[in-house]
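In the text below, chain A, chain B and the rest are named by the order of the sequence lines, each starting its count at 1. Because only heavy atoms are used, hydrogens play no part in the values below, and waters and symmetry mates are left out as well, while side chains stay in. From a predicted model like this one, the values you see are computed outputs, not experimental measurements.
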There are 2 protein chains.
Amino acid sequence: MPENTKLIKHHGTKEKILKESFILFSEHGYTGTSVRKIASKVGIRESALYNHFKNKEEIFLEVAKDIFSSPFSFENENIHELALKGKMFLHKYTMQYKLLTFDKNNESMFRILLIELLQNKELREQFMNEFHNKNIKLLSEGFFVMMQNSLIRSSDPMTMSYEFLSTLFYIRLQITLMRFDSLSTTHLSTQFEKHVDFFWESIKI
Amino acid sequence: MPENTKLIKHHGTKEKILKESFILFSEHGYTGTSVRKIASKVGIRESALYNHFKNKEEIFLEVAKDIFSSPFSFENENIHELALKGKMFLHKYTMQYKLLTFDKNNESMFRILLIELLQNKELREQFMNEFHNKNIKLLSEGFFVMMQNSLIRSSDPMTMSYEFLSTLFYIRLQITLMRFDSLSTTHLSTQFEKHVDFFWESIKI
DNA sequence: GTCTATATTTGGATAGAC
DNA sequence: GTCTATCCAAATATAGAC
């Protein structure tokens, strides 16, 4: 089993660098994180770091690559079938969104995204594509099916998706900010369910 | 008119420093903006800069102070009376929000806010207070009045405000990002009106 | 692969002449 | 109030020994 060896490999230095960088970037952003601090956290000298990465930017790019690699949502499931369940679809979708909001890893990614949103054009584009367009497309499909089956009132599916998604994003943003200051989010976290309830009341026939 | 003299004063160095800093901060954030660059833009040496401000942070604080000083919304108007007009209230409110979104000055402030949101605790708190709480409170009053007068369906005014505001914020965020890349926002800007239409359909009786 | 040592650049800030 | 000159610290990065 020589193949496995590489995977199980007791966390190599390179992996540790990525891990610590990820944490630091998510707390202080790119410019706010120095190579010094990374090396220090890893437990090696700065010079040793350059054995694994060409430079600081290369570290960031490798970290950033993962941000959108963990795909959200029901890619493998049958949207059409799910959408027929009406409110259940919105609820399930929202619960996945909520899960990601509170997932430690995903939370850090979201923070990096927020911090670098205006500094990094690539992240900005990925935000638009992965965070926005992809979700809008999926939701639109769902709403379209619901309309066809007279489960909800007739309207533009895109606009409806936009309305639905924007609130999810806003809740997530607020929760992320609160958690960054270690404030309680119990009250805010129920907002997800409230959103589904309110929205369903707004569109159901 | 000795009082006026100070106000009209042909833009002194201090004012120019604040102006250029404001622009630079809104493009590159706090750490991304060096004292060197500020001085260069102003057209003086760095040392001369310290004649007007104690240090870089003091410049930023003075710039940041203005971010929330320009109050949004109908502070002097009668919410009760406006709310009685139902959809008209939401429309007017949204148009003010839209105006700020496209106002150059306000746009820069919004960008600074975004960039520093996770780096600066004070800005974070101000965001929650001025951008969120204040708006939620005002909208809640409006929705409450509408409910009392049976213009809209009964629901929790706070939740309803949250739903309404979150979409406004999301539209603004997207527009700000697009404009940062000099992309066209004509399509997105109509989203404001669509939002009002959709939302009113969702709550009207 | 990691270390010490060092080069180089950039950034924030001060001293003192004019 | 602005300039020149300078200092100091921090940050990225490289060279070469082990």
Side-chain angles (χ1 to χ4, degrees), chain A residues 2 5-65 112 115-116 118-120 122-123, chain B residues 5-65 112 115-116 118-123:
Chain A
T5 327
K6 195 184 168 193
L7 288 168
I8 307 178
K9 200 182 198 170
H10 56 300
H11 288 289
T13 307
K14 185 159 186 172
E15 283 67 38
K16 192 156 187 202
I17 292 171
L18 286 173
K19 187 191 145 201
E20 298 296 342
S21 302
F22 178 59
I23 297 172
L24 286 169
F25 284 142
S26 77
E27 284 167 349
H28 309 108
Y30 181 75
T31 50
T33 300
S34 67
V35 178
R36 286 232 222 294
K37 265 186 207 152
I38 297 174
S40 159
K41 282 263 179 185
V42 175
I44 55 173
R45 299 288 167 179
E46 298 147 70
S47 52
L49 227 151
Y50 290 91
N51 250 313
H52 305 277
F53 296 93
K54 208 185 74 192
N55 51 31
K56 184 184 169 184
E57 198 188 348
E58 204 183 78
I59 301 177
F60 181 76
L61 288 178
E62 191 124 341
V63 166
K65 219 178 48 179
I112 293 179
I115 298 175
E116 298 300 323
L118 277 163
Q119 307 303 313
N120 190 311
E122 265 189 53
L123 280 190
Chain B
T5 327
K6 195 185 168 192
L7 288 167
I8 306 177
K9 200 179 193 174
H10 56 297
H11 288 287
T13 307
K14 185 160 185 173
E15 283 67 37
K16 193 158 185 200
I17 293 170
L18 286 173
K19 188 190 144 201
E20 298 296 342
S21 302
F22 178 59
I23 297 172
L24 286 169
F25 285 142
S26 78
E27 284 167 349
H28 309 109
Y30 182 75
T31 49
T33 300
S34 66
V35 177
R36 288 236 219 290
K37 264 185 206 151
I38 297 174
S40 158
K41 282 262 180 187
V42 175
I44 56 172
R45 298 288 166 177
E46 297 147 73
S47 51
L49 228 151
Y50 291 91
N51 250 313
H52 304 277
F53 296 94
K54 208 184 75 193
N55 52 30
K56 183 184 169 184
E57 198 187 350
E58 204 182 79
I59 301 177
F60 182 76
L61 289 179
E62 191 124 343
V63 166
K65 219 177 50 179
I112 293 180
I115 298 174
E116 298 300 324
L118 277 164
Q119 307 302 313
N120 190 311
K121 189 164 181 177
E122 265 189 53
L123 280 190

Length of the [atom1]-[atom2] vector between [X] and [N], whole Å:
X	N	atom1	atom2	result
B:K14	D:dG1	NZ	P	9 Å
A:R36	D:dA13	CZ	C1'	11 Å
A:H52	D:dT14	NE2	C1'	16 Å
A:H28	D:dA10	NE2	P	16 Å
B:L24	C:dG11	CG	P	12 Å
B:E46	C:dT10	CD	P	12 Å
B:K56	D:dA10	NZ	C1'	13 Å
A:E58	D:dT14	CD	P	12 Å

Considering only side-chain heavy atoms of [X], which listed nucleotide, [options], is closest?
X	options	result
A:I44	C:dG12, C:dC3, D:dT14	C:dC3
A:R45	C:dC3, C:dT10, D:dA13	C:dC3
B:S34	D:dT4, C:dG11, D:dA13	C:dG11

Q) Looking at CD1 of A:I59 and CG of A:L49, how far apart are the two atoms once the value is rounded to the nearest 0.5 Å? A)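 That separation rounds to 4.5 Å.
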Q) What is the minimum heavy-atom distance between A:H52 and A:I17, and which atoms define it? A)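 Taking every non-hydrogen atom into account, CD2-CD1, 3.7 Å.
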Q. When we call it a touch if two heavy atoms are under 4.0 Å apart, what does B:T33 touch: a base, just sugar-phosphate, or nothing?
A. sugar-phosphate
Q: State whether B:F60 and B:K65 meet the cation-pi test: NZ (Lys) or CZ (Arg) under 6.0 Å from the six-membered ring centroid, and within 45° of the perpendicular axis.
A: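 No, a cation-pi geometry is absent between B:K65 and B:F60.
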**Q.** Earlier contact from the 5' end, DNA chain D, for A:S47 and A:K37
**A.** A:K37
(Q) If you count every heavy atom of other residues, nucleotides or ligands that lies below 6.0 Å from B:E57 atom CD, does the total exceed 12? (A)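 No.
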